[in-house]
S.K.: 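My structure is below; once you've seen it, I'll send some questions.
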Amino acid sequence: MFHVGSARSVLFNYVFAKNQGGTFVLRIEDTDTERNQPEWTEGIMKAIRWLGCDWDEGPYFQSERADLYKAAADRIMSRGQAYFCDCSRDALVARTGNQQVGYDGFCRDRGLQGGPGQALRFRVPDSGSTTVVDLIRGTPTFELSTIEDFVIVRSNGEAMFLLANVADDIDMRISHVVRGEEHLPNTPKAQLLWQALTDLPLPIWAHVPVLVNEKRQKLSKRRDKVALEQFRDEGFVMPAMRNYLMTLGWAPRGEHEIVPFETIIEQFQLSDVNSAPAFFDIKKLSAFNGDYIRAMSPVDFEVACEPWLDPAWDRDVFRQMVPLIQTRLVTLAEVPALVGFVFAMPVIDDSAWTKAMSADWVPGFYIDVLSAFSAMTNAQWDAESLKSTIENIGTEHDQKLGKAQAPVRVAVTGSTVGPPLFEALVVLGRDEVLARMTAAGERLANT
RNA sequence: GCCCCCAUCGUCCAGCGGCCUAGGACAUCGCCCUUUCAAGGCGGUAACACGGGUUCGAAUCCCGUUGGGGGUGCCA
């Protein structure tokens, strides 16, 4: 499961790196070995590739870099900026009587020597402040007195992600860190660690706003639809998703939001990114998707449809339907419903039948159409002839074409809506059309 | 509670002190086109949260209020 919010962050990183001529590094932050599942990593990389954001360097796995983190912890320890602690959460709460307060520094000067059950905490200075340089948010400043002594190495010896990230950022010479806004409160801690580990200048940060739902809460996989894979499986195409995600918090210059990815890369500036949370609007995504589908070449469109087609369907027949359906889609998943009638007669929808067949002019009109169709030679079986045939018979029954085509459409396609009728009749062929008309005629006679 | 962030149409963006009687996109409404449904064309409704400053002049700068959001884990 790859969260669309993560996808957006990846995209911003990628586009920024490309715009700057920089190197996009993929690092898998799998320090929590108890919870990590190997298949997650596979899914992450697959999703990033699907987005077209191939990395220039990596992937690096934090789970394989424990030595680096150990060395970093030792260095901080040797500088006296960390201490061991064996306080449990419960003990802390019991001491302070407050569920929401940070660590109270109980073990600061107990001189614990480390060992099972003891975590390593960073000794945050009691006074002073640290200022984060953020391309999107300016320079938020944090008072050190409000930051607790946080854990950097778990009691099982594993580094926490904060330590691992800083050690890696230094080791990998990371210049810019682009990530979700939810990490902003971690940043002063990261800077403290950074300065304890190296004299190298701090990285430049960019905290992109979170994506929210219609209730303006951060998108969560528990209550919201957020899986990139799910959108893909529901027929959203990558360029549409990519373009849409880029318009959340940012927009290309000018009057158009739908622009080539190259243009986005060319124009993107982190300093232009908005800092307010953005609503992930599936309706707007859908509009982008329809637009991208319409813009495809017929061949590309056919290829894109393939996963949604029944293997038994004749691809040559489908190809004839392509120009009739391409403007009628929001997602590719709608393709089967639109063309299915060509390959097999669907069950006629009851309300469609009633709607199209209940008028008193229908039976007579219907018989005329049936006989006209049977009379048509193969040479006349083309969209224009079929159209004027229906049109003329309709006129005889005092009906406009819009009304007159309805009974035929329902008889042949099972629905009142669908691709252009006469073109579809041509694809179906005279025999098949007549067979369906006859079947419908029998049903008409019996009701 | 504490820390931090944010605030332009219903939504996403544009706007970086005068070009704003605030522009575009999605959504919505109407008209046109039309073989259904779409697509397409044309047009409409719709916003600077509030209160104080600063300034000749503020959507744009400052302060406050209100309202949202994020964080507050030996998760990332």
Side-chain angles (χ1 to χ4, degrees), chain A residues 6 29-32 34-36 62 85-89 98-103 117-121 132 134 136-138 140-143 145-148 150-162 164-165 179-188 207 209-210 212 214-218 244 247-258 272 274-281 283-288 290-291 294 324-330 338 352 356 383 386-387 390-391 394 400-406 408-410 413 415-424:
Chain A
S6 308
E29 304 189 335
D30 54 353
T31 48
D32 192 347
E34 282 177 27
R35 288 191 216 180
N36 265 297
Q62 290 190 326
C85 167
D86 63 359
C87 299
S88 66
R89 185 74 207 170
N98 191 333
Q99 284 283 353
Q100 292 168 309
V101 82
Y103 185 63
Q118 296 184 23
L120 191 65
R121 284 185 185 273
V132 172
D134 189 300
I136 297 175
R137 277 151 218 283
T141 297
F142 298 81
E143 292 300 325
S145 60
T146 65
I147 300 174
E148 65 175 323
F150 53 95
V151 173
I152 55 178
V153 179
R154 294 190 187 86
S155 55
N156 68 4
E158 284 176 2
M160 291 285 287
F161 96 111
L162 215 41
N165 283 5
R179 49 168 16 177
E181 183 189 5
E182 64 270 24
H183 288 291
L184 188 54
N186 290 325
T187 311
H207 288 93
V210 293
V212 298
E214 59 289 324
K215 287 158 75 182
R216 304 215 70 83
Q217 300 161 309
K218 184 171 134 183
Y244 175 64
T247 67
L248 262 21
W250 182 82
R253 277 182 242 123
E255 307 275 81
H256 299 284
E257 292 182 305
I258 295 184
D272 290 337
N274 229 75
S275 39
F279 171 48
F280 182 75
D281 186 356
K283 269 196 181 159
K284 188 157 180 180
L285 203 213
S286 300
F288 273 48
D291 211 282
R294 271 171 252 128
L324 307 182
I325 63 170
Q326 203 173 345
T327 61
R328 271 161 254 264
L329 296 168
V330 169
L338 226 38
L386 288 164
K387 182 184 171 186
I390 299 291
E391 205 161 25
K400 294 243 169 70
L401 185 55
K403 281 275 186 200
Q405 57 92 43
V408 182
R409 177 182 291 279
V410 171
T413 75
S415 167
T416 55
V417 299
L421 180 61
F422 308 114
E423 291 76 356

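Chain letters run A, B, ... following the sequence lines, proteins first, then strands; residues in each count from 1. Just so it is clear, the values below take in all heavy atoms, side chains as well, and ignore hydrogens, waters and symmetry mates. If you're wondering where the values come from, they're calculated on a predicted model, not measured in any experiment.
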S.K.: Expressed as a whole number of angstroms, how long is the span from A/Asn274:CG to B/C12:P?
M.R.: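 Rounding to the nearest Å, CG of A/Asn274 and P of B/C12 are 9 Å apart.
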
S.K.: What's the gap between B/C16 and B/U60 when it is taken at their C1' atoms, as a whole Å value?
M.R.: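 Per the computed distance, 6 Å lies between those C1' atoms.
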
S.K.: Strictly under 4.0 angstrom, non-hydrogen atoms only: write out the protein contact profile of nucleotides 69-76 of chain B, one letter per nucleotide from the 5' end, B, S or -.
M.R.: SBS-BBSB

S.K.: At 4.0 Å (heavy atoms only), tell me whether A/Thr416 reaches a base, stays on the sugar-phosphate, or touches nothing.
M.R.: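 Base contact.
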
S.K.: Heavy-atom nearest nucleotide on RNA chain B for A/Arg294 versus A/Arg409: which residue maps closer to 5'?
M.R.: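 That would be A/Arg409.
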
S.K.: When the C1' atoms of B/G52 and B/G15 are compared, how many Å lie between them, rounded to an integer?
M.R.: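 Their C1' atoms lie roughly 24 Å apart.
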
S.K.: Between B/A47 and B/C5, how far apart are the C1' atoms? Round to whole Å, please.
M.R.: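 23 Å, rounded to whole Å.
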
S.K.: What is the distance from CZ of A/Arg253 to P of B/A25, rounded to the nearest Å?
M.R.: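 Roughly 19 Å, once rounded to whole Å.
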
S.K.: Here's a test of your reading of the structure: between A/Lys387 and A/Asp272, which maps to the more 5' nucleotide of RNA chain B?
M.R.: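 Checking each residue's closest nucleotide, the 5'-ward one belongs to A/Asp272.
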
S.K.: Can you name the ring-ring contact (aromatic ring centres under 6.0 Å, His included) partners of A/Phe288, sequence neighbours left out?
M.R.: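 Checked A/Phe288 against ring-ring contact (aromatic ring centres under 6.0 Å, His included); matches are A/Tyr244.
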
S.K.: How far, in whole Å, is B/G51 from B/C37 if one measures between their P atoms?
M.R.: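 One P to the other, the span is 48 Å.
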
S.K.: Of the listed nucleotides (B/A27, B/C12, B/G23), which one gets closest to any side-chain atom of A/Glu255?
M.R.: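 Output: B/G23.
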
S.K.: With both distances under 3.5 Å as the test, what is the Watson-Crick or G-U wobble partner of B/A14?
M.R.: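 For B/A14, the partner nucleotide comes out as none, under the 3.5 Å rule.
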
S.K.: Please determine whether a side-chain nitrogen of the Lys or Arg among A/Glu34 and A/Arg154 lies less than 4.0 Å from a carboxylate oxygen of the Asp or Glu.
M.R.: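 Not counted as a salt bridge, because no side-chain N and carboxylate O are separated by less than 4.0 Å.
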
S.K.: So which nucleotide does B/G51 pair with, by the Watson-Crick or G-U wobble rule with both distances under 3.5 Å?
M.R.: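 Its partner is B/C63.
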
S.K.: Within the 4.0 Å heavy-atom criterion, would you say A/Glu423 contacts the bases, only the backbone, or no part of the nucleic acid?
M.R.: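 The residue A/Glu423 makes base contact.
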
S.K.: So A/Ala406, base contact, sugar-phosphate only, or nothing? Heavy-atom distance under 4.0 Å.
M.R.: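 If one applies the 4.0 Å heavy-atom cut-off, A/Ala406 turns out to touch nothing in the nucleic acid.
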
S.K.: Could you check whether A/Pro209 gets within reach of a base, just the sugar-phosphate, or nothing at all, counting any heavy atom under 4.0 Å?
M.R.: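 Since no nucleic acid heavy atom lies under 4.0 Å of A/Pro209, the category is nothing.
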
S.K.: Determine which nucleotide pairs with B/A38, using a 3.5 Å limit on both distances of a Watson-Crick or G-U wobble pair.
M.R.: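 Answer to the pairing question: none, since B/A38 forms no Watson-Crick or G-U pair.
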
S.K.: Treating A/Asp86 as the side-chain partner and A/Gln118 as the backbone partner, does any N or O pair qualify as donor plus acceptor under 3.5 Å?
M.R.: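 No: the side chain of A/Asp86 does not pair with the backbone of A/Gln118.
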
S.K.: Assess whether one donor atom and one acceptor atom, taken from the side chain of A/Lys283 and the base of B/C26, lie less than 3.5 Å apart.
M.R.: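 It does not, because no donor-acceptor pair links the side chain of A/Lys283 to the base of B/C26 below 3.5 Å.
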
S.K.: Return the set of residues passing ring-ring contact (aromatic ring centres under 6.0 Å, His included) with A/Phe142 (not counting sequence neighbours), or none when no residue passes.
M.R.: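 So A/Phe142 forms no ring-ring contact (aromatic ring centres under 6.0 Å, His included) with any residue.
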
S.K.: Looking only at atom types and distance, does a side-chain atom of A/Arg328 sit under 3.5 Å from a main-chain N or O of A/Leu324, one as donor and one as acceptor?
M.R.: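 Side chain of A/Arg328 to backbone of A/Leu324: a pair is present.
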
S.K.: Looking at A/Glu181 and A/Arg137, does any basic side-chain N land under 4.0 Å from a carboxylate oxygen?
M.R.: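 The answer is yes: the pair qualifies as a salt bridge.
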
S.K.: Rounded to the nearest angstrom, tell me the gap between atom CG in A/Asp281 and atom P in B/C12.
M.R.: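 One finds 8 Å between P of B/C12 and CG of A/Asp281, rounded.
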
S.K.: Would you call A/Leu401 and A/Glu391 a side-chain contact if the rule is heavy atoms closer than 4.5 Å?
M.R.: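 A side-chain contact exists here, since the closest heavy-atom pair is under 4.5 Å.
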
S.K.: Quiz question: going by heavy-atom distance under 3.5 Å, is there a donor-acceptor pair between the base of B/A27 and the side chain of A/Lys284?
M.R.: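 No, no donor-acceptor pair under 3.5 Å.
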
S.K.: Identify the nucleotide, in any strand shown, that forms a Watson-Crick or G-U wobble pair with B/U28, with both distances under 3.5 Å; if there is none, say none.
M.R.: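 Pairing partner: B/G44.
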
S.K.: Heavy atoms under 4.0 Å, any strand shown: does A/Pro140 hit a base, just sugar-phosphate, or nothing?
M.R.: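 Here A/Pro140 touches the backbone only, sparing every base.
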
S.K.: Is it true that a side-chain atom of A/Arg121 and a backbone atom of A/Glu148 form a donor plus acceptor pair closer than 3.5 Å?
M.R.: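 No; judged by distance alone, with no hydrogens or angles, the pair does not exist.
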
S.K.: From CZ of A/Phe288 over to C1' of B/C26, roughly how many Å is that when rounded to an integer?
M.R.: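 In whole Å, B/C26 C1' and A/Phe288 CZ are 8 Å from each other.
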
S.K.: So what's B/C2 paired with, Watson-Crick or G-U wobble, going by both distances under 3.5 Å?
M.R.: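 Pair assignment: B/C2 / B/G71.
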
S.K.: When the C1' atoms of B/C50 and B/C13 are compared, how many Å lie between them, rounded to an integer?
M.R.: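 Going atom to atom, C1' in each nucleotide, I get 24 Å.
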
S.K.: Between B/U35 atom C1' and A/Lys403 atom NZ, what is the distance in whole Å?
M.R.: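 For the pair A/Lys403 NZ and B/U35 C1', the rounded distance is 13 Å.
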
S.K.: Please state the C1' separation for the pair B/C74 and B/U66 - nearest whole angstrom.
M.R.: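 Their C1' atoms lie roughly 39 Å apart.
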
S.K.: To the nearest Å, give me how far apart NE2 (A/His207) and C1' (B/C3) are.
M.R.: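 Checked: the NE2 to C1' distance equals 15 Å.
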
S.K.: Work out which heavy atom in A/Leu338 is nearest to a heavy atom in A/Pro419; give both atom names and the distance.
M.R.: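 Of all heavy-atom pairs spanning A/Leu338 and A/Pro419, the closest is O-CG, 3.6 Å.
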
S.K.: Roughly how many Å apart are B/A14 and B/C26, using the C1' atom of each and rounding to a whole number?
M.R.: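 Here B/C26 and B/A14 have their C1' atoms 15 Å from each other.
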
S.K.: Tell me the interatomic distance from A/Arg137, atom CZ, to B/C5, atom P, rounded to whole angstroms.
M.R.: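 A/Arg137 atom CZ is separated from B/C5 atom P by 9 Å.
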
S.K.: Rounded to whole angstrom units, what separation is found between the CZ atom of A/Phe142 and the C1' atom of B/C2?
M.R.: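 Going from A/Phe142 (CZ) to B/C2 (C1'), I get 13 Å.
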
S.K.: So, A/Asp291 side chain and A/Ala287 main chain: donor-acceptor pair closer than 3.5 Å or not?
M.R.: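 Checked: no pair found.
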
S.K.: What does A/Gly290 touch in the nucleic acid at a heavy-atom separation under 4.0 angstrom: a base, only the sugar-phosphate, or nothing?
M.R.: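 Result for A/Gly290 = nothing.
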
S.K.: With rounding to whole Å, what would you report as the distance between B/C9 and B/C48 at their C1' atoms?
M.R.: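 About 10 Å, rounded to a whole number of Å.
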
